[in-house]
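Before any comments, here is the structure.
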Amino acid sequence: MDQLLAPAPLSDEVADDEVSSEPRSLLDRLFDRGLLVRTGVDGLYGRSGDFESVVEAIDRLATKLGAGDGAESLRFPPGMSRPAFERSGYLKGFPNLAGTIHCFCGNDADHARLLSCIEAGTDWTGDQAASEIVLTPAACYPLYPVAAARGALPEAGLLFDLQSYCFRHEPSLEPTRMQMFRMREYVRMGSPDQVLAFREMWLERGTAMMRELGLPIAVDPANDPFFGRAGRMLANNQRAQGLKFELNVPVNSEDKPTACLSFNYHQDHFGTIWDIKQADGEVAHTACVGFGLERITLALLRHHGLDIKAWPAALRERLWG
Ligand SMILES: Nc1ncnc2c1ncn2[C@@H]1O[C@H](COP(=O)(O)OP(=O)(O)OP(=O)(O)O)[C@@H](O)[C@H]1O
Ligand SMILES: [Zn+2]
């Protein structure tokens with residue numbers, strides 16, 4: 001159990017195809033094996049039982065790592081309140097990634113028009129109206145208003161454990177960039193010292209976890225993909241101030257490794273937006289650590305091979321006991 005797994009190189013399964021001379025992409029290999037299931041939309045996939053068993057094992061590891069910290073566990077559905085979403089500021093930074101839920105609210109005549117549009121193959125969505133729900137962009141977004149409604153934080157601050165399907169409109173042929181994926185998060189609210197200590201601790205825990213899974217990793221400063229020209233400045237500031245770190249693993253390629261875990265210090269951003277106060281009345285600071293459950297699963301598949309039954313015994317032991 002304690003035997004260390006050496007970091008595994010990229011499995012040659014992807015480049016090496018015996019059947020045709022054309023190398024098949026990682027995504028095609030995952031489809032071939034039935035690990036991911038095509039839906040006709042890039043970034044929107046079904047998952048096999050094997051794939052899910054890895055996702056669940058990683059989720060359990062994240063639980064085990066945080067056990068003893070006293071985090072309050074909360075699970076939200078993958079949609080959140082539209083007014084809360086508007087107030088969160090997400091649309092300032094990432095209008096291009098947001099997904100809203102629109103619904104039919106018409107009468108019989110509108111219904112008939114909708115059906116005839118579908119029949120004719122023309123746009124039927126014109127009469128769809130924005131509902132009160134938007135898709136959750138990151139697991140922690142529904143949490144802040146809930147925490148704010150409880151009043152000032154206790155002296156020791158607060159710690160939450162979340163997991164949610166998230167939506168981002170970023171269609172891609174890289175299997176690691178999905179439109180709907182799961183994020184496991186721990187979120188800390190408190191003083192700057194409390195939340196920075198939390199982030200430090202999780203940087204160490206996350207790094208150790210990935211090493212124990214036999215994955216080669218690098219911890220790098222990062223920035224969020226803020227939209228537009230103003231966004232470039234925000235991204236530069238975020239990097240310069242060391243607010244975001246990512247734990248990167250080569251999955252799609254060696255040159256452009258994939259962020260599998262993120263460690264974000266929001267300073268007083270959400271505390272100010274949601275009027276979350278520390279016990280002494282100062283604005284609360286927040287930080288979160290996000291585990292990309294599908295991305296870690298894909299990293300394991302890429303490095304240890306697409307047949308999970310053939311993974312090293314020490315790794316299987318670590319994941320499934
Ligand atoms: N499109 C996606 N598909 C699958 N997992 C994702 C996706 N976007 C983010 N994640 C996972 O969720 C975690 C937390 O999200 P975060 O917003 O910090 O990522 P990000 O910085 O936007 O990622 P990237 O820089 O790759 O776009 C990431 O570390 C990653 O593991
Ligand atoms: Zn978060």
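Numbers for residues simply follow the sequence, beginning at 1. Side chains are part of it too, since the values below use all heavy atoms of this structure and drop only hydrogens, waters and symmetry mates. Whatever order the structure lists ligands and atoms in, that order sets their numbers, starting from 1.
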Heavy-atom proximity to atom 30 (C) of ligand 1, best of A259, S172, C288, G206: A259
Looking at ligand 1, is there an atom of it that comes within less than 4.0 Å of some heavy atom belonging to [X]?
X: A222; answer: no
X: C260; answer: yes
X: E185; answer: no

Residue part near ligand 1, for [X], under 4.0 Å between non-hydrogen atoms:
X: T258; answer: neither
X: R295; answer: side chain
X: T176; answer: backbone

Within a distance under 4.0 Å of any heavy atom of [X], pick out the atoms of ligand 1 and give their elements.
X: M183; answer: 12 (O), 14 (C), 15 (O)
X: R168; answer: 8 (N), 9 (C), 15 (O), 16 (P), 17 (O), 19 (O), 20 (P), 22 (O)
X: E170; answer: 1 (N), 2 (C), 8 (N)

Ring centres under 6.0 angstrom apart (F270, Y141): yes
Test of ring centre spacing under 6.0 Å for F227 and F94: no
In one Ile/Leu/Val/Met/Phe/Trp/Tyr side-chain cluster, 4.5 Å: L243, V283: no
Same apolar cluster (I L V M F W Y, side chains within < 4.5 Å links), F263/F198: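 Hydrophobic grouping puts F263 with F198.
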Considering only NZ, NE, NH1 and NH2 on the basic side and carboxylate oxygens on the acidic side, decide whether [X] and [Y] come within less than 4.0 Å.
X: D110; Y: R113; answer: yes
X: D28; Y: R38; answer: yes
X: E185; Y: R75; answer: no

Shortest-distance N, O or S atom of E185 relative to the Zn ion (ligand 2):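 E185's closest N, O or S atom to the Zn ion (ligand 2) is named OE1.
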Angular separation of SG (C140) and SG (C288) seen from the Zn ion (ligand 2), to 10°: 130°
Contact flag H266/the Zn ion (ligand 2), N/O/S atoms, threshold under 2.8 Å: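 Looking at H266, which is the residue asked about, there is no N, O or S atom under 2.8 Å from the Zn ion (ligand 2).
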What residue and heavy atom of the protein are closest to [atom], and at what distance?
atom: atom 11 (C) of ligand 1; value: G292 CA, 3.8 Å
atom: atom 18 (O) of ligand 1; value: K244 NZ, 2.6 Å
atom: atom 13 (C) of ligand 1; value: S262 OG, 4.0 Å
atom: atom 10 (N) of ligand 1; value: F181 CE1, 3.5 Å
atom: atom 24 (P) of ligand 1; value: R177 NH2, 3.8 Å

Do other residues, nucleotides or ligands put more than 12 heavy atoms under 6.0 Å from [X] [atom1]?
X: R229; atom1: CZ; value: no
X: D108; atom1: CG; value: no
X: E155; atom1: CD; value: no

Flag for N248-T258: side-chain donor and acceptor within less than 3.5 Å: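 Judged by distance alone, the side chains do not pair up.
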M178, any N or O under 3.5 Å of ligand 1 N or O: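 N/O-N/O distance under 3.5 Å: yes.
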Sub-3.5 Å N/O-N/O distance, E246 and ligand 1: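 The answer is yes, given that E246 and ligand 1 share an N or O pair closer than 3.5 Å.
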D42 backbone acceptor or donor facing Q179 side chain under 3.5 Å: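 Pair found, side chain donor or acceptor close to backbone of D42.
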